[in-house]
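What follows is a single structure, written as structure tokens, with notes after it.
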2 protein chains.
Amino acid sequence: MAINKKEAFSQEEQALATMAKALAHPARIAILKELAKRNECICGELVDVLPLAQSTVSQHLRELKEAGLIAGTIDGPKSCYCINESAFRKAIDSFSSFFKEIETRQKAAGCCS
Amino acid sequence: MAINKKEAFSQEEQALATMAKALAHPARIAILKELAKRNECICGELVDVLPLAQSTVSQHLRELKEAGLIAGTIDGPKSCYCINESAFRKAIDSFSSFFKEIETRQKAAGCCS
DNA sequence: AAAGTATATCGCAAATATACGATTTAGTAC
DNA sequence: GTACTAAATCGTATATTTGCGATATACTTT
């Protein structure tokens with residue numbers, strides 16, 4: 001049991017769920033905010049700001065990177081991370097159209113809310 | 001180790017992460033869409049639509065309910081679920097302001113994207 | 001080359017999520 | 001009452017996430 005059934009859903013649903021998952025931890029929300037604030041950032045400064053160990057921050061960064069929301073380049077002995085604007089915008093669009101779909105269809109009266 | 005450090009982040013960040021988590025599975029996305037479409041729904045019909053066992057669907061419904069995104073009332077031997085409009089709208093607002101915060105601060109040129 | 005610095009990866013432990021079948025609960029119909 | 005139906009919960013297996021320390025990698029400085 002517990003085989004992943006995610007493939008059984010539509011590409012759109014999977015993509016949205018993946019983006020949501022990337023945002024599903026406060027540390028990653030905080031990282032994105034911090035990256036946006038500085039618009040140029042290294043992991044070390046994030047470690048100072050976040051209440052997590054260096055290795056844990058690095059892991060969260062990797063997850064954001066795998067989701068495509070941030071881009072990282074090696075910059076000497078440091079790394080430079082920033083928000084991947086185009087991917088982020090796409091994610092926002094996905095969320096927006098999902099929210100819109102829910103809201104417009106929801107116009108008729110509900111049964112129990 | 002692996003103690004939950006989520007409390008170490010701001011309420012806002014935690015709340016957004018919680019909502020994101022609720023949306024972090026395609027089954028739950030699909031459930032929300034289906035509920036919005038019908039605007040009145042019982043678990044059984046969802047089981048027919050989704051490629052999951054009844055108990056699994058019930059579990060996903062509970063997660064959505066715990067996140068506050070849907071409301072459920074007992075309706076005879078069946079249950080009636082629908083989207084919790086006000087909570088959903090709040091969630092949308094949280095996402096929107098987060099996205100806006102990222103985008104506006106991101107205005108300056110990036111370093112590596 | 002050697003030492004230092006910054007980040008990534010490894011290895012592990014614990015927590016949480018995912019999924020199902022089996023069972024329980026709760027109401028309806030007979 | 002008993003039988004039926006629908007949904008929730010329980011128990012369990014497996015997968016994934018979270019977190020840390022330790023180690024490895026990679027570049028810089030001396």
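Naming: A, B, ... by sequence-line order, numbering from 1 per chain.
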Produce the list of close N/O pairs, under 3.5 Å, pairing protein atoms with atoms of nucleotides 22-30 of chain D; give distances to one decimal.
none

Of all heavy-atom pairs linking B:C41 and B:L35, the shortest is CB-CD2, 3.3 Å
Interatomic distance, CD1@A:I31 vs CG@A:L69, rounded to 0.5 Å, equals 11.5 Å
Per the under-4.0 Å heavy-atom filter, residues of residues 21-30 of chain A near DNA chain D come out as A:K21, A:H25, A:R28
note: A:R62, atom CZ; D:dC20, atom C1'; distance rounded to Å ~ 14 Å
Hits for side chain to side chain contact (heavy atoms under 4.5 Å, CB included) against A:A30, two or more places apart or cross-chain, chain-then-number order -> A:L50, B:F9, B:E13
B:E66 CD to D:dT9 P, in whole Å, measures 9 Å
Note to self: Is the shortest side-chain heavy-atom distance between A:L23 and B:L16 below 4.5 Å?
What the structure shows: no
*According to the interplanar angle, ranging from 0 to 90°, do the rings of B:F88 and A:F99 count as parallel (below 30°), tilted (30 to 60°) or perpendicular (above 60°)?*
perpendicular
The nucleotide from C:dT7, D:dA7, D:dG19 with an atom nearest the side chain of B:S79 is D:dA7
Rounded to whole Å, CG of B:L52 lies from P of D:dA7 at a distance of 15 Å
Of the candidates D:dT18, D:dC20, D:dT9, the side chain of B:K5 sits closest to D:dC20
The nucleotide from D:dA6, D:dC20, C:dT7 with an atom nearest the side chain of A:I42 is C:dT7
Note to self: Between A:H60 and D:dG19, is there a contact of a side-chain N or O with OP1 or OP2 at under 4.0 Å?
What the structure shows: yes
With sequence neighbours left out, the residues meeting side chain to side chain contact (heavy atoms under 4.5 Å, CB included) with B:K78 are B:I42
Categorize A:Q59 for me: base, sugar-phosphate, or nothing, with a 4.0 angstrom heavy-atom threshold over every strand shown. base
**Asked** With a 4.0 Å cut-off on heavy atoms, is A:S58 in touch with a base, just the backbone sugar-phosphate, or nothing at all?
**Response** base
Would you please confirm or rule out a distance under 4.0 Å between OP1 or OP2 of C:dA8 and any side-chain N or O of A:Y81? yes
Within residues 6-17 of chain B, the residues having a heavy atom closer than 4.0 Å to DNA chain C are none
Rounded to whole Å, the CG-C1' distance (B:L50 to C:dT18) equals 14 Å
- Query: Are A:I29 and A:V47 connected, step by step, through hydrophobic side chains (Ile, Leu, Val, Met, Phe, Trp, Tyr) whose heavy atoms are closer than 4.5 Å?
  - Reply: yes
Those residues at least two apart in sequence (or on a different chain) that pass side-chain hydrogen bond (donor to acceptor under 3.5 Å, both in side chains) with A:S55 are none
- Query: Under a 4.0 Å N-O cut-off, is there an ion pair linking A:K100 with A:E103?
  - Reply: no
Atom CG of A:L61 and atom C1' of C:dA8 are separated, to the nearest Å, by 10 Å
In whole angstroms, the gap separating C1' of C:dT7 from CG of A:D48 amounts to 13 Å
One pair to check against side chain to side chain contact (heavy atoms under 4.5 Å, CB included): B:Q54 and B:S58. What are the steps and the verdict?
CA-CA 6 Å; B:Q54 180 263 325; B:S58 188; 4.3 Å; yes
Closest of C:dT16, D:dA8, C:dT18 to the B:N4 side chain is C:dT16
Taken to the nearest whole Å, CG/B:L46 to C1'/D:dA8 is 14 Å
Quiz item: Hey, are the side chains of A:K65 and A:Y81 touching, using non-hydrogen atoms and a 4.5 Å cut-off?
Solution: yes
Of all heavy-atom pairs linking A:K21 and A:R28, the shortest is O-NH2, 3.2 Å
Any side-chain N or O of B:T56 less than 4.0 Å from the OP1 or OP2 oxygen of C:dA19? no
